[in-house]
Amino acid sequence: MPSKHDSDWELVEEIPGEKKPNAKKGGFMSLLKNKTLWIGLIAGAALVIAVPVLRVMLQNALRAWWIWVGLALYFIWARLKKAGATK
């Protein structure tokens with residue numbers, strides 16, 4: 001019985017009709033262009049100006065800046081740890 005080579009096979013880079021996930025765009029610049037973010041910031045600022053209790057709460061939160069720095073560092077560390085575990 002003669003051996004027949006499969007010459008009909010072809011290597012392809014992508015399957016026709018395959019949908020690839022879109023690449024993430026620049027994070028910080030797309031965040032600045034987010035309309036919902038700006039509407040939320042304006043609404044929050046209006047509330048802080050209009051309601052004195054919220055103004056005092058915001059002042060206390062800003063005075064405790066070291067807590068916010070600690071939380072930010074923790075989340076950055078956790079994200080880096082998670083990214084290292086997946087690789």
Side-chain angles (χ1 to χ4, degrees):
M1 206 174 206
S3 63
K4 182 179 177 184
H5 295 288
D6 289 333
S7 60
D8 297 335
W9 289 88
E10 174 183 345
L11 295 176
V12 294
E13 294 295 323
E14 63 182 49
I15 300 171
E18 177 185 25
K19 292 186 178 181
K20 293 184 178 181
N22 294 334
K24 288 187 177 181
K25 295 180 181 176
F28 184 71
M29 290 308 291
S30 65
L31 182 66
L32 290 179
K33 294 178 183 177
N34 192 345
K35 185 177 179 181
T36 309
L37 172 70
W38 290 107
I39 291 171
L41 285 174
I42 292 169
L47 274 174
V48 166
I49 292 170
V51 182
V53 173
L54 293 177
R55 190 177 320 139
V56 171
M57 291 171 63
L58 178 66
Q59 287 173 345
N60 287 335
L62 291 176
R63 284 185 190 125
W65 60 269
W66 50 273
I67 293 174
W68 301 112
V69 169
L71 283 171
L73 290 175
Y74 170 74
F75 283 117
I76 291 170
W77 173 76
R79 177 178 255 181
L80 290 174
K81 185 177 175 184
K82 184 178 180 182
T86 58
K87 288 185 178 182

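Nothing here was measured: the structure is a model prediction, and the numbers come from that model. Numbering starts at 1 and runs along the sequence shown.
Both Trp77 and Phe75 are part of a single hydrophobic cluster, where members link through side-chain heavy atoms under 4.5 Å apart. Put simply, Val69 and Ile67 are part of the same group of oily side chains (I, L, V, M, F, W, Y) that touch within less than 4.5 Å, one to the next. Note on Ile49: it does not cluster hydrophobically with Leu54, by side-chain heavy-atom contacts below 4.5 Å among ILVMFWY residues. Cluster membership check: Val56 does not share its hydrophobic cluster with Val51, using side-chain heavy-atom separations under 4.5 Å among Ile, Leu, Val, Met, Phe, Trp and Tyr.
Think of Leu80 as one node in a network of Ile, Leu, Val, Met, Phe, Trp and Tyr side chains linked at under 4.5 Å; its network also takes in Ile76.
Separation of atoms CG (Leu37) and CD1 (Ile42) is listed at 9.5 Å; rounding is to 0.5 Å. The OH atom of Tyr74 sits 8.0 Å away from atom NZ of Lys81, with the distance rounded to the nearest 0.5 Å.
Counting only distance, with no hydrogens or angles, the side chain of Trp68 and the backbone of Ala61 share a donor-acceptor pair below 3.5 Å.
For Leu62, the side chain to side chain contact (heavy atoms under 4.5 Å, CB included) partners are Leu58, not counting sequence neighbours.
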